[in-house]
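Quick notes on the structure that follows.
Ligands are counted one by one from 1 in listed order, and the atoms in each one are counted from 1 as well.
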Amino acid sequence: MIDRLCIVGTGLIGGSLARDLRRLGKVGEIVGSSRRAANLERAVALGVIDRFDVDAARAVAGADMVVVAVPLGAIGAVFERVRDAIGNDTVITDVGSAKGGVVAAARAVLGPRLARFVPAHPVAGTEHSGVDSSVERLFECRRVIVTPIPETDADAVERVLAMWKAVGSDVLEMDVDHHDQILAATSHLPHMLAYTLVDVLGRMKDRSEIFRYSAGGLRDFTRVASSDPQMWHDICAENRGPIVEVLERFGAALDRLTDAVRRGDGEYVRSVFTRAKAARDRQF
Ligand code: NAP
């Protein structure tokens, strides 16, 4: 049970977590914080938070759990703002989609509070943003990856794991670098592909016909290209190495396929498609 939860960044992810913890009776009071009072007033009106303060340092006062759910590029500044305002036993965690940069910022900024910081990433979300898009049960049966560092207190980890388990998530622990490599492949690469595909098609001469006559497949494949561009800019900036590695690997495979199609090498083309179908049918 959390007595007072502070969510810095009461948007899609922060708001959805707040909704479920309240619905399940796992939290006493929920305090929100973000830059714009209008967004926080909306969060109060929706019943997502009880009260708010635009100053994160004031918002975290007296909280026993602080969840930082702001865009990746803003997490370091939030750490700086709250470091001296959180209590000795307060657990602080985040929800950022890439972990290396967040952990580096925590090490640089949090000082004695570092032991209470638990890096985490709920692998759940939608292509929408803001508290109006927050929903109940977003994390049910979805993975939450916690990436504790050697400095992290074991009981802080336990409290963060308990919070995510309470909202129905399937929690697991992973090393920070490994997380960033895996997520570059499973999440970041598909977003890069979807954005690029829609950008290429959208700049072709026949774009209106291309989209008018597209079937459901294009819509399904490109759904994530409706995600917030700033959020994905931040993810690219924070997880550069693993994203470039996987993009290069994909680019080389695409070049080989292009070459095979150009040469009419049906055997190569069929072997790629057959391997891919078998792998997908096994996994999903
Ligand atoms: P979001 O809906 O846009 O919410 C972001 C929240 O942060 C808003 O409440 C925003 O409110 C606030 N904010 C933005 N900049 C801030 C700043 N400098 N200081 C304080 N508050 C600030 O975004 P989201 O999708 O929930 O993403 C939040 C985090 O979750 C990101 O780190 C992302 O990597 C991670 N994540 C996202 C997904 C997903 O599918 N969306 C999945 C897993 C993890 P104001 O505009 O009022 O400041």
Distance-only donor-acceptor check, side chains Asp177 and Gln181, under 3.5 Å: no
Distance-only donor-acceptor check, side chains Ser134 and Arg19, under 3.5 Å: yes
Option whose closest heavy atom lies nearest to atom 21 (N) of ligand 1, chosen from Val70, Thr10, Val68: Val70
Pick from Ser133, Pro122, Gly9: the one approaching atom 12 (C) of ligand 1 most closely through a non-hydrogen atom: Gly9
Heavy atoms from other residues, nucleotides or ligands near CE of Met204 exceed 12 (cutoff 6.0 Å):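 No, not enclosed.
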CD/Glu209: more than 12 non-hydrogen atoms of other groups inside 6.0 Å: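 More than 12 heavy atoms, drawn from other residues, nucleotides or ligands, come within 6.0 Å of this atom.
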Please identify which atoms of ligand 1 are closer than 4.0 Å to at least one heavy atom of [X].
X	value
Leu72	32 (O)
Gly130	1 (P), 2 (O)
Ser129	2 (O), 3 (O)
Ser97	33 (C), 34 (O), 35 (C), 36 (N), 37 (C), 43 (C), 44 (C)

Geometric N/O contact Ile235 with ligand 1, under 3.5 angstrom: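 No - when backbone and side-chain N and O of Ile235 are compared with those of ligand 1, no distance drops under 3.5 Å.
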What protein heavy atom lies closest to [atom]? Include the residue and the distance to one decimal.
atom	value
atom 40 (O) of ligand 1	Gly125 CA, 3.3 Å
atom 26 (O) of ligand 1	Ile13 N, 2.9 Å
atom 16 (C) of ligand 1	Arg35 NE, 3.5 Å
atom 5 (C) of ligand 1	Ala69 O, 3.8 Å
atom 37 (C) of ligand 1	Met231 CE, 3.4 Å
atom 13 (N) of ligand 1	Pro71 CD, 3.9 Å

Can you tell which part of [X] has a heavy atom less than 4.0 Å from ligand 1: side chain, backbone, both or neither?
X	result
Ala124	backbone
Asn39	side chain
Thr126	backbone
His121	side chain
Ala74	side chain

Phe117 and Phe79 aromatic ring geometry - parallel, tilted or perpendicular at 30°/60° bounds: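 Perpendicular.
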Closer than 4.0 Å: a protein non-hydrogen atom to atom 23 (O) of ligand 1: no
Salt bridge Arg116-Asp153, side-chain N to carboxylate O under 4.0 Å: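 Salt bridge flag = yes for Asp153 with Arg116.
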ILVMFWY network linking Val44 to Leu5, side-chain heavy atoms under 4.5 angstrom: yes
Heavy-atom gap Gly15 to ligand 1 smaller than 4.0 Å: no
Contact check, Val95 vs ligand 1, heavy-atom distance below 4.0 Å: yes
side-chain contact (heavy atoms from CB on, under 4.5 Å), paired with Lys99, selected from Asn239, Ile145, Asp94, Leu183: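 The option that passes is Asp94.
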